[in-house]
Structures are given as C-alpha cells and as structure tokens.
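First up is the structure itself, then whatever we jot down about it.
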Amino acid sequence: MTRRAALGGLALALPAARLAAAQDSAPSLSALAAQKGILFGTAVGAGRPGTLTGMLSDPRMMAIVGRECGVIVAENEMKQYVIAAQPGKLAFERGDSIANWARDHGKKLRGHTLLWNHPKYTPAWLTERYQGAPREGLATWVRDYVGGVAAHYRGRVHSWDVVNETIDPDTGELCDSLFQQKLGFDAIRIAFEAAKEQGPDAQRVYNDYMSWGSGGAKHRAGVLRLLERFRREQVPVDALGLQSHIGVGDGDNATREREWRAFVDAVTDMGYRLLITEFDVNDRGAPADPARRDAEVAAVGKGYLDMMLSYRTLDHLLCWGLVDRYSWLQGFTPREDKLPQRPLPYDARYRPKPLRQAIADALIAAPSRAAA
Ligand code: XIL
C-alpha cells in the first residue's frame with residue numbers, strides 16, 4: 001500500500017475533529033493543484049449573512065477559502081442583474097467586495113459573467129426599454145455594458161465567463177432572450193469583442209452546463225456548433241468553461257463517458273482550452289445515510305475529475321462553493337426526503353468530507369500541465 005493510499009484510508013477512519021486537524025496540516029487543494037499547473041478555487045457569495053449566498057460574511061467559511069484556494073469567482077455579484085440592476089449606472093459595490101477580498105488575500109479572480117442570454121437573468125428595465133426599440137440601441141448597450149465591466153476589472157480579473165449558458169438544452173439552438181430576439185448571434189459576438197477591447201489580457205471563456213448525464217446530447221451538439229461558429233467567424237473566444245454540476249446517478253455509465261469524451265475531444269481539437277468552473281456533485285440520487293451519500297458523491301466526483309484532469313489544457317478547477325450549507329443546490333434541487341444536500345467538499349459544520357479527499361487524490365494523480 002502506498003503512503004497516500006494508507007493516509008486516504010486513515011482519513012476515512014478518523015473521527016471528524018481529528019480528521020479536520022489532520023487536514024489543517026495537509027497540503028491545501030490549491031497547493032496540490034499548483035504542483036500540476038492547475039488553479040483551484042471556489043465561488044464566493046456576498047449575499048445577506050446567514051443565507052445560502054452569505055459566505056463572505058462568515059469567517060469560518062472564508063478561513064477555508066483562504067486556506068484551500070488560489071482563485072475565487074463571484075457567485076452572483078458580477079452578473080448583469082446585479083451590476084445593471086438600475087438603468088443608467090453600473091453598480092460595482094458588491095462585485096468589488098469580492099474583488100477586494102481576493103486582492104487582500106492574494107487570490108486570483110475569475111469574472112462571472114458579462115452576458116447571460118436568458119430572460120430570467122436579464123434586468124426587467126432593459127427588456128422594457130429595448131424590446132420595441134431599434135436593434136442598434138441594444139447593440140450599443142451590450143457593447144458599452146460589457147466593455148464597461150471589463151474595463152472596471154481590467155488587471156484584476158484574469159479570466160472572464162464572457163457569455164454564460166446561451167444554448168437551449170432542449171433544442172441546441174440559441175436561447176430565446178431579449179438579446180437573441182433583437183441581435184441574434186451578434187449579441188454574443190459583440191460581447192466577446194467588447195471584452196477583448198476593454199480587457200485584452202483576460203482569458204475569454206464561453207461557459208455552459210452541458211453535461212455528461214443522459215439527455216445532454218442536443219445541448220452538447222449545440223455548444224459544439226456554437227464553438228465552430230466562433231472559429232469560423234473569428235470571434236475571440238479562448239476556452240470552454242465546463243460548469244460540471246454533476247450528480248450521483250448520472251455519470252457511471254460507460255456509454256455516457258464515451259460520449260462525453262467525444263464532446264470534450266471535439267472541443268479541444270478546435271483549439272479551445274478547458275476550465276472546470278462550477279464543480280459540485282448533486283446527491284439527490286443517493287441514499288439518505290450521510291456516510292453512504294458522502295462515499296457516492298466522492299466516487300462520482302473522483303471519476304469525473306480523473307477523466308477531466310487527464311486533459312492537459314484544463315488548468316482551472318473551481319467548485320461552486322466549498323461548504324454544504326452554502327450550496328445553491330439546497331434551494332435549486334432540494335432532495336425529496338428534505339435532508340440537506342451534501343454536494344461540496346466540506347460539510348455544513350465545516351468539516352472536510354470524502355469529496356475533499358477525492359479532489360486531493362484526483363489532483364495528485366493528474367498529469368502536470370507544464371507541457372500543455
Ligand atoms: C447560481 C447561484 O449560485 C445562485 O445563488 C443564484 O440564485 C442563481 O445562480 N450556473 C451558473 C451560475 O452559471 O451563475 C449559477 O449560480 C449556477 C448555475
């Protein structure tokens with residue numbers, strides 16, 4: 001048995017308090033990732049204290065982020081519905097609170113997201129103002145907005161999710177939104193061009209949640225067509241963000257794994273780099289018993305990460321939260337038995353779980369990115 005395997009076994013057997021203490025002195029996930037040329041981090045929310053998005057005001061939570069992460073991303077605070085909530089002004093206060101924390105703690109910062117082509121995430125005033133107006137008005141607004149935000153965070157955000165989730169998973173076509181209705185593909189093109197103009201040094205990412213789960217074929221095909229179009233029309237896009245909201249019960253099938261690999265291979269063959277931008281493991285498909293659930297979550301997570309980290313152009317691994325009590329899944333897809341979800345590497349009481357070990361093991365097993 002290797003030393004690492006022995007330690008892994010030990011970790012599962014240790015009581016929680018001693019496990020936490022043991023992990024305090026163990027290398028951080030960020031350190032393990034850095035050894036392979038990967039940035040490890042998490043989303044951080046600056047919502048109301050005590051709510052699902054209230055991480056920034058929780059010192060215990062942020063201590064874990066400080067210890068484990070090399071990069072953070074704003075969970076909601078740099079979205080259009082926050083920054084452009086009111087007409088005529090850009091509100092950067094909430095985004096800045098995340099950016100300032102990153103700066104003060106020596107962390108890198110990803111930006112999420114400049115254009116979310118979805119009615120639900122588009123400020124109502126924007127739809128009212130531009131729906132019936134000539135298209136040029138909205139085109140100018142998109143250019144100014146994206147450019148304005150990219151300029152504000154220039155030199156601070158090193159990688160932007162410029163466009164988020166613009167493929168309708170049911171059809172594989174562009175989502176039906178204000179931007180889509182008025183501008184079609186031009187909305188997306190304008191966003192990437194404005195991001196490049198105002199933040200030329202930041203990586204530009206198209207981010208989406210197409211998955212390896214069943215039923216994702218149309219979504220994946222639509223994303224591939226979009227990425228091909230970017231290349232054909234020379235839209236300046238550097239990478240695909242794989243959100244990676246995976247789940248117990250959707251990833252253990254060899255056919256799905258083969259189809260997912262074919263998708264990722266097609267993306268890298270076009271010259272795109274890869275990022276895991278929002279990793280978590282939905283446990284709705286797992287039994288109630290916490291130990292069994294944690295084991296299944298860890299096994300599914302490890303399988304996915306082993307596969308994805310084998311791609312040497314994948315150099316970011318971000319979780320969508322680190323501590324279960326702050327996972328968006330508690331509200332988005334609650335379990336049928338009403339028990340809280342356990343989708344993240346730390347439990348609701350801030351104790352590391354088997355998923356943390358699975359992430360560490362996957363990072364240790366990953367090939368170095370140095371040659372990529
Ligand atoms: C989620 C946040 O976690 C929630 O707080 C918010 O209410 C909705 O958005 N894909 C994305 C993220 O790109 O922005 C989403 O974040 C999760 C799914």
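All ligand and atom numbering here is 1-based and tracks the order in the structure. Just the heavy atoms: all of them, side chains too, but no hydrogens, waters or symmetry mates, feed the values below.
- The protein atom (non-hydrogen) at minimum distance from atom 3 (O) of ligand 1 is E75 OE2, 2.5 Å.
- Considering backbone and side-chain N/O atoms, W116 never comes within less than 3.5 Å of an N/O atom of ligand 1.
- In terms of N/O distances under 3.5 Å, ligand 1 is not approached by Y121.
- At the shortest separation from atom 1 (C) of ligand 1 among protein heavy atoms lies K79 NZ, 3.7 Å.
- Using the six-membered ring where Trp is involved, Y130 and W125 have ring planes that are tilted, between 30° and 60° apart.
- Looking only at distances, a side-chain donor or acceptor of R225 sits under 3.5 Å from a matching main-chain atom of G172.
- Every atom of ligand 1 is numbered from 1 in the order shown, and the set under 4.0 Å from a heavy atom of T53 is 5 (O).
- In this structure, H245 and W320 have perpendicular ring planes: the angle between them is above 60°, well past the 30° mark.
- Between the K89 side chain and the A85 main chain, no donor and acceptor come within less than 3.5 Å of each other.
- The cationic group of R351 does not satisfy the cation-pi geometry with Y346, failing either the under 6.0 Å distance to the six-membered ring centre or the 45° limit from the ring axis.
- By the 6.0 Å and 45° rule, R258 does not stack over the aromatic ring of F263.
- Closest of all the heavy-atom pairs between L240 and M210 is CD2-CE, 4.2 Å.
- If you look at N164 next to ligand 1, the close heavy atoms, those under 4.0 Å, all belong to the side chain.
- Counting heavy atoms closer than 4.0 Å to ligand 1, residue D161 contributes nothing at all.
- Using a 4.0 Å cutoff on heavy atoms, F332 does not count as a contact of ligand 1.
- Considering backbone and side-chain N/O atoms, Y81 never comes within less than 3.5 Å of an N/O atom of ligand 1.
- Side chains of R273 and T313: a donor-acceptor N/O pair is absent below 3.5 angstrom, by distance only.
- Given atom 5 (O) of ligand 1, the protein heavy atom at minimum distance is N76 ND2, 3.0 Å.
- With hydrogens left out, the protein atom closest to atom 16 (O) of ligand 1 is W320 NE1, 3.2 Å, a heavy atom.
- Residue contact check: E165 has heavy atoms under 4.0 Å from atoms 10 (N), 11 (C), 13 (O), 18 (C) of ligand 1.
- For atom 13 (O) of ligand 1, the closest non-hydrogen atom on the protein side is E278 OE2, 2.8 Å.
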- Query: Which is it for N164 and T113 under the side-chain hydrogen bond (donor to acceptor under 3.5 Å, both in side chains) test, yes or no, and what are the steps along the way?
  - Reply: CA-CA 6 Å; N164 199 41; T113 173; 4.7 Å; no

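- Using a 4.5 Å heavy-atom cutoff, the side chains of Q181 and D176 are in contact.
- By the criterion of a heavy-atom distance under 4.0 Å, neither the backbone nor the side chain of Y209 is placed next to ligand 1.
- In the vicinity of Q243, heavy-atom distances shorter than 4.0 Å reach the ligand 1 atoms 10 (N), 11 (C), 13 (O), 18 (C).
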